[in-house]
Amino acid sequence: MHPSEVLFQGKRQPLLLAACDHYAGSEKLMRKSIALQQELGPLFDITFDCEDGASAGNEETHAHMIAGLLASDENQFNRIGVRVHDVDSPFFARDVEIICGAASRLAYIAVPKVGGVQDAMLAIDLINLHARRAGRDNLPVHILIETHGALRDAYAIAALPQVECLSFGIMDFVSAHYGAIPAAAMRTPGQFTHPLVVRAKLEVAAACHAHGKVPSHNVTTDVRDSAVVANDAQRATAEFGYTRMWSIHPDQIKPIIKAFTPRLSEVNEASNILNEALRANWGPIAQNGRLHDRASYRYYWTVLQRAKLAGLGLPEAAAALLNALPTSTTEN
């Protein structure tokens with residue numbers, strides 16, 4: 001049997017997305033981002049920004065420009081999403097209507113500043129209304145957790161079937177405390193040590209993992225020093241359980257991908273363990289003096305999937321495991 005059939009019997013496999021979510025606000029930056037994605041391949045997602053990208057009074061024109069880019073031949077991989085205005089904005093509904101006109105080419109819609117699960121559900125209802133008119137069902141939705149209410153309802157929001165990612169918005173979250181959290185907590189080292197920010201990050205990550213969704217870490221505002229973003233990304237994944245991170249500058253993309261990509265030694269270990277498990281019909285095995293069973297097999301299976309998603313060269317045996325089709329697929 002295929003690993004996905006054996007290891008996740010009766011359960012939905014956890015969602016996996018590219019490790020880097022690159023935000024672009026202006027048309028110039030959007031086109032540069034598309035060109036870089038064409039060069040590197042779909043190793044990172046792009047999020048076009050209606051919320052902060054449009055100049056005042058130009059919101060509808062901006063949204064139409066984005067929809068045109070989504071529908072164009074430049075969108076080679078269909079891995080571009082859009083952040084719309086928040087649900088309380090007078091521009092929210094029109095953003096959704098315009099952007100969903102290109103729903104067939106849209107990777108996801110990101111909704112900022114929700115006040116809680118009810119806001120998220122209202123946003124999803126409107127997205128579905130317009131996406132279905134364009135022939136798209138179950139368009140993925142990403143929710144930004146940056147208010148007290150959204151953090152309170154993080155588990156309920158992550159449980160919504162159409163939500164595939166929760167993104168932590170650190171600057172709005174800190175600002176929502178009106179000076180009770182210092183500005184230093186928006187950046188390293190404070191963002192990894194201040195108790196209220198640490199609590200929020202852990203709650204978001206835990207909510208996502210409880211429901212098999214993707215936690216996306218906040219932006220690094222230092223765009224000049226790649227070592228800072230590399231350190232932030234490493235801490236986000238190693239200490240806080242995040243599997244994805246925002247980028248706001250092209251120079252941040254590669255360090256983020258590298259930090260979230262499994263090391264080759266771990267990929268080789270995963271390949272060896274899973275292939276031995278396959279030979280044992282997925283029963284327990286002992287390798288290098290350590291016992292492995294289906295609990296650890298699920299971990300190593302995810303390692304291989306993350307490595308493939310990041311474009312890492314895989315051992316031949318690992319590639320064969322990943323490329324084999326599940327029985328249910330081959331029978332259809």
Side-chain angles (χ1 to χ4, degrees), residues 17-87 89-113 123 126-127 130-131 133-134 136 139-144 146 165 167 169 171-172 216 218-224 226 229 244-257:
L17 295 173
C20 182
D21 179 7
H22 180 64
Y23 271 68
S26 69
E27 182 177 3
K28 178 182 177 181
L29 295 177
M30 290 175 192
R31 292 188 181 277
K32 283 187 174 181
S33 300
I34 290 174
L36 186 58
Q37 192 183 60
Q38 290 172 348
E39 176 187 342
L40 298 179
L43 303 185
F44 66 98
D45 288 342
I46 303 170
T47 299
F48 290 162
D49 195 4
C50 285
E51 185 189 25
D52 294 331
S55 57
N58 198 41
E59 290 84 3
E60 186 165 328
T61 301
H62 188 79
H64 278 294
M65 179 271 294
I66 288 176
L69 285 175
L70 289 170
S72 73
D73 292 339
E74 295 176 79
N75 182 12
Q76 290 186 359
F77 305 109
N78 294 335
R79 289 310 309 169
I80 300 174
V82 178
R83 178 169 72 174
V84 295
H85 282 83
D86 66 88
V87 293
S89 167
F91 307 111
F92 170 71
R94 187 63 175 145
D95 276 355
V96 171
E97 181 180 3
I98 294 169
I99 297 303
C100 284
S104 64
R105 307 289 305 282
L106 184 60
Y108 50 85
I109 283 186
V111 183
K113 298 180 181 64
L126 185 66
I127 289 166
H130 292 292
R133 288 175 179 172
R136 179 79 180 270
L139 178 65
V141 175
H142 295 190
I143 301 293
L144 277 71
E146 45 196 349
C165 176
S167 289
M171 288 185 282
D172 280 290
S216 185
N218 57 268
V219 67
T220 295
T221 55
D222 190 329
V223 297
R224 295 183 178 179
S226 61
V229 71
R244 182 172 166 98
M245 182 170 166
W246 294 17
S247 159
I248 55 169
H249 190 279
D251 289 347
Q252 295 182 334
I253 294 173
K254 289 183 178 180
I256 290 172
I257 294 174

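Computation of the quantities below employed the complete heavy-atom set of this structure, encompassing side-chain atoms and omitting hydrogens, waters and symmetry-equivalent molecules. Numbers for residues simply follow the sequence, beginning at 1.
- Across every non-hydrogen atom of G81 and A107, the tightest pair is N-CB, 4.1 Å.
- Residues I66 and I80 have side chains not in contact (no heavy-atom distance under 4.5 Å, counting atoms from C-beta outward).
- Residues I127 and V84 have side chains not in contact (no heavy-atom distance under 4.5 Å, counting atoms from C-beta outward).
- Of all non-hydrogen atoms in D21 and Y108, the two that sit nearest each other are OD1-OH, 3.3 Å.
- A distance of 11.0 Å separates CG of D45 from CG of N78, quoted to the nearest 0.5 Å.
- Counting only heavy atoms from C-beta outward, the side chains of R31 and E74 approach each other to under 4.5 Å.
- Smallest separation of non-hydrogen atoms from V141 and I143: CG1-CD1, 3.7 Å.
- Annotation: the span from I248 atom CD1 to L29 atom CG amounts to 11.0 Å, rounded to 0.5 Å.
- Judged by distance alone, the side chain of D49 and the main-chain N or O of G25 form no donor-acceptor pair under 3.5 Å.
- Between G57 and E59, the shortest heavy-atom distance links the atoms N-OE1, 3.1 Å.
- Here the side chain of R136 pairs no donor or acceptor atom with the backbone of A131 at under 3.5 angstrom.
- For A110 against Y23, the heavy-atom pair with the smallest separation is CB-OH, 4.3 Å.
- With values rounded to the nearest 0.5 angstrom, L69 atom CG is found 6.0 Å from E27 atom CD.
- Considering CG of L36 and CG of L43, their distance stands at 9.5 Å, rounded to 0.5 Å.
- The shortest distance between side-chain heavy atoms of K32 and P250 does not fall below 4.5 Å.
- Remark: N75 CG to M30 CE distance equals 12.5 Å, nearest 0.5 Å.
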Note to self: For C20 and I253: C-alpha separation, side-chain torsions, deciding distance, then whether side-chain contact (heavy atoms from CB on, under 4.5 Å) applies.
What the structure shows: CA-CA 6 Å; C20 182; I253 294 173; 4.1 Å; yes
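- The backbone N or O of P42 sits nowhere less than 3.5 Å from a side-chain atom of R79 that would complete a donor-acceptor pair.
- A donor-acceptor pair under 3.5 Å is absent between the side-chain atoms of E51 and the main chain of D86, judged by distance alone.
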Margin query: For a side-chain contact (heavy atoms from CB on, under 4.5 Å) check, start with the C-alpha distance between F48 and I34, then their side-chain angles and the critical distance, and finish with the verdict.
Written below: CA-CA 10 Å; F48 290 162; I34 290 174; 3.7 Å; yes
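- Between W246 and T47 there is no side-chain heavy-atom pair separated by less than 4.5 Å.
- Proximity of K254 to L40: side-chain heavy atoms (C-beta onward) are separated by under 4.5 Å at one or more points.
- Using a 4.5 Å heavy-atom threshold, the side chains of R224 and H249 count as separate.
- The shortest non-hydrogen separation linking F92 to V111 is CE1-CG1, 4.5 Å.
- The closest side-chain heavy-atom distance from Q76 to Q37 is not below 4.5 Å.
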Check: Under the side-chain contact (heavy atoms from CB on, under 4.5 Å) criterion, do V229 and S247 qualify, and how do the steps go?
Finding: CA-CA 9 Å; V229 71; S247 159; over 6 Å; no
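- Side chain of R244 to backbone of L17: no donor-acceptor contact under 3.5 angstrom is found.
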Next item on the list: Determine, stepwise, if the pair I99 / H130 fulfils side-chain contact (heavy atoms from CB on, under 4.5 Å).
Entry: CA-CA 9 Å; I99 297 303; H130 292 292; over 6 Å; no
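- To the nearest 0.5 Å, the span separating CD on Q38 from CG on D73 amounts to 10.0 Å.
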